[in-house]
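For ligands, and for the atoms within them, numbers begin at 1 and follow the listed sequence.
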Amino acid sequence: MATALVTGASQGIGACIAKRLAQDGFDVAINHLPGDSDKEKALAVAQECRAFGVKAECFAADVSKFDQCEDMVKQVKEQMGSIDALVNNAGITKDSLLARMGEDSYDAVIAVNQKSVYNMMKHVCPVMMKQKHGSIVNVSSVAGLYGNPGQVNYSASKAAIIGMTKTVAKEYGRKNITCNAVAPGFIHTPMTDVLSDELKEKMLEAVAMRRYGEPEEIASVVSFLVSKDASYVTGQVIEISGGLSM
Ligand code: NAD
């Protein structure tokens, strides 16, 4: 049975991706932040994944920390047997205009959103190389493609992920490892629930489909990218935004 490791999978898009990949027949390794509240949520996600008849286990690690990623990858390999798909989904926002953004907010977002992708790919790629196959999907954002006021830290982290994705695709293509990115637009999750109704309405004016996306609409594209149907797709960024950029 193939195993998928999804970071930041205790809620939102990550939880939805974990469940979709379980439905597709993957055993699922569910990463969550250390701490009781995230662990409880991750355990509930694992329970839902098992309903599809697959194995699902939870692994605590702060993915911004290199050593914790190394330990987690070892544990996943030991307990699940292989790592066939990696989805780098964990992410945070700490929004404010550049004029007011402190160094702490900048560094924190870069560490969780960008450095984590390095940490995870650094430890998972050798496992995939030994297996002679693997697929990686990095969760970027439309903010990384077009910029977004109040998100200089977030946009930087999400743009960097695109460069990293293309580089890893080039470095590991001959090893039968694909690496792609998805760039979601405005998606209904706890991350966007906190925005004011006024801002939500305003953001939708730029969306051709005039609605928010659902986490399931991100999970279905990730499902394709880690499937055999996408075996010759690598180094690509798929925007999932209801037509934001047109
Ligand atoms: P969310 O806040 O609901 O979920 C983020 C998850 O990441 C949580 O489970 C959280 O615990 C986890 N996480 C945070 N820091 C972590 C760390 N250091 N180590 C391990 N896990 C950590 O957000 P979401 O909307 O589901 O976002 C998921 C991904 O999608 C993020 O990368 C986000 O940037 C991206 N994204 C979201 C939207 C959107 O509109 N919601 C749009 C574009 C991109």
Side-chain angles (χ1 to χ4, degrees), residues 5-20 29-46 58-73 76 86-95 107-120 137-148 151 153-162 164-165 181-195 199-200 203-204 206-207 211-219 221-222 237-242 244-245:
L5 166 54
V6 185
T7 69
S10 63
Q11 66 173 38
I13 293 170
C16 194
I17 291 170
K19 287 184 256 180
R20 173 60 197 254
I30 295 160
N31 159 251
H32 62 88
L33 266 173
D36 287 347
S37 96
D38 256 51
K39 186 178 175 181
E40 234 165 74
K41 287 192 268 180
L43 287 169
V45 175
C58 299
F59 297 88
D62 175 343
V63 289
S64 69
K65 304 281 190 286
F66 188 82
D67 294 350
Q68 293 191 29
C69 291
E70 186 174 21
D71 288 346
M72 173 169 69
V73 169
V76 173
L86 166 66
V87 184
N88 284 310
N89 163 81
I92 57 169
T93 51
K94 285 189 185 291
D95 297 352
D107 289 347
V109 169
I110 296 294
V112 175
N113 296 9
Q114 177 191 336
K115 172 85 185 316
S116 66
V117 177
Y118 161 77
N119 293 341
M120 290 304 298
V137 180
N138 296 321
V139 180
S140 178
S141 165
V142 290
L145 292 170
Y146 311 117
N148 199 24
Q151 294 198 311
N153 50 2
Y154 186 79
S155 307
S157 70
K158 295 299 186 180
I161 289 177
I162 292 172
M164 294 161 83
T165 299
V182 291
F186 307 128
I187 310 300
H188 266 141
T189 69
M191 190 181 265
T192 49
D193 285 348
V194 294
L195 302 174
L199 184 59
K200 283 183 193 164
M203 286 161 101
L204 284 186
V207 176
R211 67 170 177 85
Y212 269 65
E214 297 302 326
E216 289 77 9
E217 293 173 309
I218 308 304
V221 178
V222 173
V237 184
I238 302 191
E239 182 176 329
I240 314 164
S241 68
L244 180 74
S245 59

Can you tell me which residue and heavy atom of the protein come closest to atom 1 (P) of ligand 1, and the distance to 0.1 Å?
-> Q11 NE2, 3.3 Å
Under 4.0 Å from one or more heavy atoms of V139, ligand 1 contributes atoms 29 (C), 30 (O), 35 (C)
Give a yes or no answer on whether the side chain of T7 reaches the backbone of N31 with a donor-acceptor pair at less than 3.5 Å.
-> no
If you look only at distance, which donor and acceptor atoms sit under 3.5 Å apart when one is on a side chain in residues 153-162 and the other is two or more places apart or in another chain?
| unit_1 | atom_1 | unit_2 | atom_2 | d |
| --- | --- | --- | --- | --- |
| N153 | ND2 | K94 | O | 2.9 |
| N153 | ND2 | S105 | O | 3.3 |
| S155 | OG | A143 | O | 3.4 |
| S155 | OG | Q151 | O | 2.6 |
| S157 | OG | N113 | ND2 | 3.3 |
| S157 | OG | Y154 | O | 2.7 |
| K158 | NZ | V139 | O | 2.9 |

Minimum-distance pair of heavy atoms, taken over all atoms of G12 and P215 | O-CB, 4.5 Å
Distance, nearest 0.5 Å, that separates OG1 of T192 from CD1 of I13 | 8.0 Å
Ligand 1 contact on V112 by region, counting heavy-atom pairs under 4.0 Å | side chain
Can you tell which part of K41 has a heavy atom less than 4.0 Å from ligand 1: side chain, backbone, both or neither?
-> neither
Using a heavy-atom cut-off of under 4.0 Å, does the side chain or the backbone of A61 touch ligand 1, or both, or neither?
-> backbone
For atom 25 (O) of ligand 1, what is the nearest protein heavy atom, given as residue, atom name and distance?
-> T189 OG1, 2.6 Å
Which residue and heavy atom of the protein sit nearest atom 6 (C) of ligand 1, plus the separation = G8 O, 3.5 Å
When only distance counts, is F186 in polar contact with ligand 1, meaning an N/O pair under 3.5 Å?
-> no
Taking the side chain as every heavy atom from C-beta outward, state whether L199 and M203 have any atom pair closer than 4.5 Å.
-> yes
Check ligand 1 against G12 and write out every atom of the ligand that is under 4.0 Å from a heavy-atom position of the residue.
-> 3 (O), 26 (O)
Shortest reach to atom 31 (C) of ligand 1 by a heavy atom, considering only V109, N31, N88, N89 | N89
Starting from atom 37 (C) of ligand 1, which protein heavy atom do you reach first, and at what distance in Å?
-> I13 CD1, 3.7 Å
CG (L195) and CG (D95) are apart, to the nearest 0.5 Å, by 8.0 Å
Select one of side chain, backbone, both or neither to describe which atoms of S140 lie under 4.0 Å from any atom of ligand 1, heavy atoms only.
-> backbone
Interatomic distance, E216 atom CD to C16 atom SG [nearest 0.5 angstrom] = 4.0 Å
Please report the C-alpha distance between V109 and T93 in whole Å, then the side-chain angles of each, then the deciding distance to 0.1 Å, and finally whether the side-chain contact (heavy atoms from CB on, under 4.5 Å) criterion is met.
-> CA-CA 6 Å; V109 169; T93 51; 5.8 Å; no
among protein heavy atoms, the one nearest atom 38 (C) of ligand 1 is G185 O, 3.9 Å
Side chain or backbone of I218 under 4.0 Å from ligand 1, or both, or neither, by non-hydrogen atoms?
-> neither
In the protein, which heavy atom is nearest to atom 36 (N) of ligand 1, and how far is it?
-> Y154 OH, 3.5 Å
Among all protein non-hydrogen atoms, which one is nearest to atom 11 (O) of ligand 1, and what is the separation to 0.1 Å?
-> D38 OD2, 2.8 Å
Ligand 1 to T192 polar contact by distance, N or O atoms, under 3.5 Å = no
Going from CD on Q114 to OG on S64, what distance comes out if it is rounded to the nearest 0.5 angstrom?
-> 12.0 Å
Note, C58 side chain near H32 side chain (heavy atom, < 4.5 Å) | yes
Roughly how far, to the nearest 0.5 Å, is the CD1 atom of I17 from the CZ atom of R20?
-> 11.0 Å
For S141, atoms of ligand 1 separated by under 4.0 Å from a heavy atom | 43 (C), 44 (C)
Can you find an N or O of D62 that's nearer than 3.5 Å to an N or O of ligand 1?
-> yes
So F186 and Y212, would you call those rings parallel, tilted or perpendicular, with 30° and 60° as cut-offs?
-> tilted
Out of curiosity, is K158 lining ligand 1, as in a heavy atom under 4.0 Å away?
-> yes
Can you list the residues that meet the side-chain hydrogen bond (donor to acceptor under 3.5 Å, both in side chains) rule with K41, with sequence neighbours excluded?
-> Q11
the protein heavy atom lying closest to atom 40 (O) of ligand 1 turns out to be I187 N, 2.9 Å
Where does I92 meet ligand 1, judged by heavy-atom distances below 4.0 Å: at the side chain, the backbone, both, or neither?
-> side chain
